[in-house]
Amino acid sequence: MESRESVRAWAPLDEGRLQRELVGSGVCSRVVRVDSTGSTTADLVEAARREDFAQQWPHASVLTSEEQTAGAGRTGRAWASPRGASLSTSVVLRPSLPASQRHWLSLVSGLALVQTLDEDYGLDASLKWPNDVLIGAARDEPGRKIAGSAAVAPPGARDAVIVGCGINVLLGEEDLPTETAASLLLESRAPLSDDVRTDLLIAWLSRFQRLSALSERAGDIAPVRPMIVERISTIGQQVRVHLPGEERVMGTAVRVEEDGALTVETAQGPRSFYAGDVVHLRRDT
């Protein structure tokens with residue numbers, strides 16, 4: 001490693017391992033790696049318009065790219081990932097969950113990553129409602145974003161959900177998109193393997209599959225919901241909720257409801273939100 005402050009010389013994802021350890025083991029039905037794309041999710045949304053989408057992209061199929069140049073977050077915020085420094089991946093699911101619960105899938109994806117960062121890399125990872133993964137969030141610390149995800153129902157295939165996730169892996173300080181972002185390279189206390197991106201992708205997708213299977217067998221998010229809520233560090237935080245238009249709501253996040261809404265105690269009383277861009281605030285803000 002040349003420096004923990006600059007992008008580490010990258011190795012491409014190991015396609016052989018991806019096929020053996022994800023497809024061969026039954027974790028995924030298909031894994032496709034490409035060198036570069038505008039957006040893995042946009043590519044799959046476009047593929048969903050074709051008649052052969054279900055055959056080409058069955059349940060638990062994956063598209064991952066070494067570089068993403070025109071990604072978009074849940075609120076449409078644009079972002080790009082430097083070649084070989086991040087994981088830009090989208091998963092096609094055909095869940096048994098009712099449509100009213102499918103928004104939880106981005107949090108299931110996030111929980112799988114939280115578990116991976118915690119158990120495999122010893123990081124203090126948590127979820128930020130509704131779809132980010134943070135490092136170092138605590139009651140008085142807002143945390144640093146290492147990943148974000150979004151679940152999309154493609155208009156051409158209403159039985160499917162595409163869960164896209166971007167993970168900062170080998171970005172140095174000057175490459176991070178914001179001052180509040182993080183990367184595995186900068187946060188890890190132990191040396192990272194030369195194949196860390198492949199390691200992380202396999203570990204995350206394997207946990208994602210196991211967690212998804214719990215809800216699939218039940219046909220309900222109930223078996224996974226308590227595990228998700230337990231790892232949401234937004235609860236107890238001073239927050240500012242950015243709503244469509246110019247409305248901003250400040251208060252203390254107090255709980256996540258059974259239907260996934262975030263309840264915030266404001267000066268005017270409690271309010272529940274089903275969508276919005278949530279900012280964790282320092283106590284002195």
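Side chains are part of it too, since the values below use all heavy atoms of this structure and drop only hydrogens, waters and symmetry mates. In this text the structure is predicted, and so the values were computed from the model without any measurement.
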Fill in: Sequence-distant partners of E247, salt bridge (charged side-chain N to carboxylate O under 4.0 Å, His left out), two or more places apart
R271

Practice prompt. Check side-chain hydrogen bond (donor to acceptor under 3.5 Å, both in side chains) between T266 and all other residues, then give those that pass, not counting sequence neighbours.
Written response: none

Discussion item. Working note: F208 + L93, criterion side chain to side chain contact (heavy atoms under 4.5 Å, CB included); need CA distance, chi angles, decisive distance, verdict.
Written reply: CA-CA 11 Å; F208 190 11; L93 300 174; 4.0 Å; yes

Worksheet item: If you look at every heavy atom in P95 and V161, which pair is closest and at what distance?
Response: CG-CG2, 4.0 Å

Item to complete: Just grab all the side chain to side chain donor-acceptor pair (under 3.5 Å) pairs involving residues 101-115, residues at least two apart or on different chains.
Response: Q101-D220

Fill in: H59 side, atom NE2; S96 side, atom OG - distance, nearest 0.5 Å
8.5 Å

Worksheet item: Just by distance, do the side chain of R30 and the backbone of Q56 share a donor-acceptor pair under 3.5 Å?
Response: yes

Practice prompt. Could you check if a side-chain atom of P130 sits within less than 4.5 angstrom of a side-chain atom of L262, using non-hydrogen atoms only?
Written response: no

Worksheet item: Quick one: does N131's side chain have a donor or acceptor within less than 3.5 Å of a partner on G148's backbone?
Response: no

Worksheet, complete the sentence: With sequence neighbours left out, the residues meeting side-chain hydrogen bond (donor to acceptor under 3.5 Å, both in side chains) with S65 are none

Worksheet item: Can you tell me how far the CG atom of L105 sits from the OG atom of S215, to the nearest 0.5 Å?
Response: 6.5 Å

Worksheet item: CG of L87 to CG of L201: how many Å apart, nearest 0.5 Å?
Response: 5.5 Å

Item to complete: Look at the side-chain heavy atoms of Ile, Leu, Val, Met, Phe, Trp and Tyr, link any pair under 4.5 Å apart, and say whether L134 and L185 land in one connected group.
Response: no

Worksheet item: Where is the tightest heavy-atom contact between W129 and A275, given as atom of each residue plus distance?
Response: CH2-N, 3.8 Å

Practice prompt. Please report the C-alpha distance between T234 and V256 in whole Å, then the side-chain angles of each, then the deciding distance to 0.1 Å, and finally whether the side chain to side chain contact (heavy atoms under 4.5 Å, CB included) criterion is met.
Written response: CA-CA 9 Å; T234 304; V256 174; over 6 Å; no

Worksheet item: Does Q209 use its side chain to pair, donor to acceptor, with the backbone of C28 at less than 3.5 Å?
Response: no

Worksheet item: Hey, quick one: are L117 and L205 part of the same hydrophobic cluster, counting side-chain heavy atoms closer than 4.5 Å, chains of contacts allowed?
Response: yes

Worksheet entry | Reported CG-to-OG1 distance for the pair L184 and T116, which is rounded to 0.5 angstrom | 11.0 Å

Discussion item. Any non-hydrogen side-chain atom of E258 less than 4.5 Å from a side-chain atom of R225?
Written reply: yes

Practice prompt. Applying side-chain hydrogen bond (donor to acceptor under 3.5 Å, both in side chains), name anything that partners D199, two or more places apart in sequence or on another chain.
Written response: R17, S193

Fill in: Close side-chain approach of Q68 and S39, heavy atoms under 4.5 Å
yes

Discussion item. Tell me every residue that passes side-chain contact (heavy atoms from CB on, under 4.5 Å) with T180, counting only those two or more places apart in sequence or in another chain.
Written reply: T178

Discussion item. Counting C-beta onward and ignoring hydrogens, is there a side-chain heavy-atom pair between V108 and I221 closer than 4.5 Å?
Written reply: yes

Discussion item. Can you confirm whether D120 sits close enough to L200 that some side-chain heavy atom of one is under 4.5 Å from a side-chain heavy atom of the other?
Written reply: no

Item to complete: Only counting residues at least two apart or in another chain, list the ones meeting salt bridge (charged side-chain N to carboxylate O under 4.0 Å, His left out) with R144.
Response: E187

Worksheet item: Where is the tightest heavy-atom contact between S233 and S126, given as atom of each residue plus distance?
Response: OG-OG, 2.8 Å

Item to complete: Given side chain to side chain contact (heavy atoms under 4.5 Å, CB included), test S86 with L171 step by step and report yes or no.
Response: CA-CA 7 Å; S86 301; L171 278 72; 3.1 Å; yes

Item to complete: Could you check if a side-chain atom of R83 sits within less than 4.5 angstrom of a side-chain atom of D35, using non-hydrogen atoms only?
Response: yes

Worksheet item: Yes or no on side chain to side chain contact (heavy atoms under 4.5 Å, CB included) for L186 and N168, after CA distance, side-chain angles and deciding distance?
Response: CA-CA 10 Å; L186 295 173; N168 297 332; over 6 Å; no

Discussion item. Can you tell me if Q55 has over 12 outside heavy atoms packed within less than 6.0 Å of its CD?
Written reply: yes

Discussion item. My understanding is that only residues two or more places apart in sequence, or in another chain, count here; which of them pass side-chain contact (heavy atoms from CB on, under 4.5 Å) with T263?
Written reply: V254, R255, E257, P270, S272

Worksheet entry | Minimum side-chain heavy-atom gap M227-L214 below 4.5 Å | yes

Worksheet, complete the sentence: salt bridge (charged side-chain N to carboxylate O under 4.0 Å, His left out) filter on D118, not counting sequence neighbours, yields R231

Worksheet entry | Under 3.5 Å: donor-acceptor pair, side chain of R197, backbone of G84 | yes

Discussion item. According to salt bridge (charged side-chain N to carboxylate O under 4.0 Å, His left out), who are the partners of R94, at least two apart in sequence or on a separate chain?
Written reply: D159

Worksheet item: Do the non-hydrogen side-chain atoms of V278 and F273 ever get within less than 4.5 Å of each other?
Response: no

Worksheet item: If you look at every heavy atom in E141 and Q237, which pair is closest and at what distance?
Response: O-NE2, 3.1 Å

Practice prompt. Locate the shortest heavy-atom distance separating T41 from S90; write the atom from each residue and the value.
Written response: OG1-OG, 2.7 Å

Worksheet, complete the sentence: Closest heavy-atom pair, V133 versus A125, reported as atoms and distance to 0.1 Å, is CG1-CB, 4.5 Å

Discussion item. Please give the remaining members of the hydrophobic cluster of V45, linking ILVMFWY side chains under 4.5 Å, ordered by chain and number.
Written reply: V32, V34, L44, F53, W57, L63, V92, V152, I162

Discussion item. Do V264 and L243 sit in one hydrophobic cluster, given that two such residues count as connected whenever their side-chain heavy atoms are within less than 4.5 Å of each other, even indirectly?
Written reply: yes

Worksheet, complete the sentence: d(S206 OG, E21 CD) to nearest 0.5 Å is 8.0 Å

Discussion item. Holding to side-chain hydrogen bond (donor to acceptor under 3.5 Å, both in side chains), I want the full list of residues that pass it with T64, two or more places apart in sequence or in another chain.
Written reply: T89

Practice prompt. Measure the spacing between CD1 of I167 and OG of S183 and express it to the nearest 0.5 Å.
Written response: 12.0 Å

